[in-house]
Amino acid sequence: MNIGGWQKVSLVDFPGKIATIVFTNGCVFRCSFCYNPDLVVGPFPARILEDEFFAFLEKRKGKIEGVVITGGEPTVQANLVAFMQKIKAMGFAVKLDTCGYLSDRVKEALASGAVDYVAMDIKAPLEKYSLITNIPVETDRILESIRCIINSGIPHEFRSTLVEGIHEPDDILKMAQLITGADAYYLQRFRSAEKLINASFKEKTAPSEALLKDLAAQCEKYVKKCELRAAA
Ligand code: SF4
């Protein structure tokens, strides 16, 4: 695994579990609002050695309960499944974060039995995906991952980072519709950051909390639960 970052303890990133977070290098998208450009735009030195990571896990058995694998985009790593299986075999739960674009890899990961929780980003309604991700997106792949996750029987969530002037209220309802039947949908307000993939987004803000609360209630027509959540 090409690991570019590591947060040793998190109480909020794996629902119900004390977790450690591994950030993998590389991504298929170039989202304008991405605040992890160091993990997205290469070249990527593998800054964390797998041996060091597994030694840490071994010592934290009984204290850490789960591992969140996030990025970048973890599914670009060819040995993701083997990595997750090794973590599971040590007795830890695994949460996989994904943008869902490599739908075959998402399917393979879910079928491996190594994923206990999966979170997928929904970037925009399908017609705006390329605008946000800055690549020509084959939206069938997004739909395939969505269906695969919802039908997997694995606890899951979808989440969207929302930018004022980019995501209109109607877009948010369209995104909820795309994931009809999902366990949970989280609306995250965009927060500007020093480093963003598209520097012009530094000036952008998020839709108001009041508007998003109202939209979250409307989204519950489509999903089991929809709430606002602070952006990661
Ligand atoms: S926000 Fe977009 S570009 Fe950044 S890591 Fe996630 S999917 Fe990749």
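Given the structure is predicted, the values throughout are model-derived calculations rather than measurements. What's counted below: heavy atoms across the whole structure, side chains too, no hydrogens, waters or symmetry copies. Order of appearance sets the numbers: ligands from 1, and atoms from 1 within every ligand.
Under the 3.5 Å distance criterion, the side-chain polar atoms of E73 are left unmatched by any main-chain donor or acceptor of F29.
Residue pairs meeting the ring-ring contact (aromatic ring centres under 6.0 Å, His included) criterion with at least one member in residues 102-156, sequence neighbours excluded: H156-F158. Among residues at least two apart or in separate chains, side chain to side chain donor-acceptor pair (under 3.5 Å) pairs with a member in residues 101-112 are K107-E144. Within the structure, the ring-ring contact (aromatic ring centres under 6.0 Å, His included) test picks out the following pairs touching residues 41-68 (sequence neighbours left out): W6-F53, W6-F56, F53-F83, F54-F83.
Looking only at atom types and distance, the side chain of E203 has no donor-acceptor partner in the side chain of S192 under 3.5 Å away.
In this structure, E50 does not pair ionically with K86, as no charged nitrogen and carboxylate oxygen lie closer than 4.0 Å.
Only protein atoms were considered; those of element N, O or S under 2.8 Å from atom 2 (Fe) of ligand 1 number 1.
Less than 4.0 angstrom separates some heavy atom of G72 from each of these atoms of ligand 1: 5 (S).
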